[in-house]
Amino acid sequence: MKTIAIVNLKGGVGKTVTAVNVAAILATEYGRRVLLADADPQANATQSLLPPGEYNTLAGLLMGDEPYYENLIYESGIRGLSVLPADDDLRNLDADLLEGRRPHMGAIRDLRDALAEDDACDVMVIDCPPALSPACAAAIAASTDVVIPIKLDAYSVRGMNELTAQIRRLRRIYPDVHIAGCLPTVWYRCDAVEQGEKLLRENAPCRVFRSHIRRSPKVDESTWTGEPVVTWSPRSAAAQDYRAFVAELMEET
Ligand SMILES: Nc1ncnc2c1ncn2[C@@H]1O[C@H](COP(=O)(O)OP(=O)(O)O)[C@@H](O)[C@H]1O
Ligand SMILES: [Mg+2]
């Protein structure tokens with residue numbers, strides 16, 4: 001089952017916006033049954049698709065507290081799109097480790113295989129935290145495609161080598177993991193961004209998608225609405241670019 005982990009160790013690069021919009025496009029425009037798994041304790045993806053409330057979360061899955069995946073998956077307001085929520089408990093996994101309780105690093109991978117076996121889902125998209133935490137490593141271990149959203153400043157572009165090296169290290173243990181590519185986000189016309197993009201395309205240690213995602217005020221606006229920008233403002237520049245990106249991502253499948 002195609003499992004797309006959205007990864008970058010930096011925050012504020014558009015991981016959550018990418019995860020939510022890719023998941024929404026696959027559900028609404030490709031008719032796929034999509035599960036968005038939220039692996040970030042900040043739970044922004046969960047908040048953008050589910051109403052406030054008490055949910056079973058990915059932390060329970062990783063700690064083996066919730067054996068039935070049906071109890072972890074919630075329907076969003078978008079047809080075909082379900083959510084496996086995150087909460088603050090994911091932050092405690094590091095402390096659990098210190099107390100000798102180990103998160104099960106294969107838990108998301110096992111979930112993926114169970115969903116595939118039951119024919120319950122077509123694609124899983126995982127929104128990762130900005131750190132190589134246990135939840136992030138478990139997400140990468142479960143993925144078939146790692147997508148790296150990247151902002152085009154020098155720190156981010158230089159950080160790419162380190163990030164791809166870390167992901168490739170995990171690949172030695174989980175050989176299905178493959179870096180699908182990096183996706184320039186929050187793009188706008190100015191010399192620094194255009195030069196950054198050119199440098200990235202010439203030197204990136206992995207594929208760079210042809211698409212980039214333009215900066216659009218509709219994205220911030222959409223975060224207040226509980227809707228992805230692709231449904232909130234389908235004609236906005238960012239929505240158009242996310243659709244082009246998903247077409248590119250799905251080219252080989
Ligand atoms: N294409 C875009 N245009 C404008 N703002 C964006 C765009 N993509 C992301 N943002 C904004 O940037 C901020 C960080 O995005 P987010 O997806 O939360 O990043 P991350 O998950 O990597 O921390 C948010 O305020 C979001 O609304
Ligand atoms: Mg995020």
Side-chain angles (χ1 to χ4, degrees), residues 4-25 36-50 57-59 76 83-88 90-91 125-133 135-140 143 146-153 155-157 159-160 162-163 166-167 180-190 192-194 196-197 200 208-246 248-249:
I4 306 161
I6 314 294
V7 179
N8 195 323
L9 303 185
K10 287 188 186 299
V13 298
K15 289 184 294 300
T16 300
V17 170
T18 300
V20 167
N21 284 283
V22 166
I25 291 166
L36 176 61
D38 190 350
D40 185 351
Q42 293 176 83
N44 296 143
T46 305
Q47 290 153 7
S48 69
L49 292 170
L50 296 179
T57 70
L58 187 74
S76 75
V83 180
L84 197 177
D87 69 357
D88 219 38
L90 283 171
R91 236 184 275 282
V125 178
I126 314 174
D127 185 27
C128 289
L132 206 52
S133 63
C136 185
I140 295 172
S143 66
V146 175
V147 169
I148 305 173
I150 181 172
K151 271 178 74 178
L152 294 161
D153 61 85
Y155 304 151
S156 301
V157 171
M160 276 297 293
E162 176 59 26
L163 174 59
Q166 292 200 17
I167 296 169
C182 68
L183 172 69
T185 53
V186 202
W187 188 95
Y188 60 99
R189 198 164 280 292
C190 84
V193 167
E194 285 169 291
E197 182 174 31
L200 180 72
V208 182
F209 290 106
R210 290 190 302 280
S211 318
H212 57 208
I213 311 297
R214 279 169 289 173
R215 184 170 75 176
S216 157
K218 292 289 175 192
V219 174
D220 275 345
E221 196 178 296
S222 71
T223 63
W224 292 104
T225 65
E227 265 191 65
V229 74
V230 288
T231 60
W232 173 250
S233 180
R235 283 195 294 270
S236 63
Q240 290 177 32
D241 293 342
Y242 273 117
R243 272 188 241 109
F245 166 61
V246 172
E248 202 181 336
L249 185 64

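Both ligands and their constituent atoms are indexed starting at 1 by order of listing.
- Residue contacts to the Mg ion (ligand 2): Thr16 brings an N, O or S atom closer than 2.8 Å.
- Using a 4.5 Å cut-off on side-chain heavy atoms (C-beta onward), Pro228 and Leu49 make contact.
- Heavy atoms only, all atoms of each residue included: Cys128 and Ala39 are closest at CA-CB, 4.4 Å.
- Between Val17 and Val186 the shortest side-chain heavy-atom distance does not fall below 4.5 Å.
- Using cut-offs of 30° and 60° on the angle between ring planes, the pair Phe245 and Phe209 is perpendicular.
- Judged by distance alone, the side chain of Asp127 and the main-chain N or O of Val20 form no donor-acceptor pair under 3.5 Å.
- Listed by chain and residue number, the protein contacts of ligand 1 are Gly11, Gly12, Val13, Gly14, Lys15, Thr16, Val17, Val186, Ile213, Arg214, Arg215, Ser216, Val219, Asp220, Thr223 (heavy atom within 4.0 angstrom).
- Remark: Tyr242 pairs with no residue by the ring pair (Phe, Tyr, Trp, His ring centres under 6.0 Å) rule, at least two apart or across chains.
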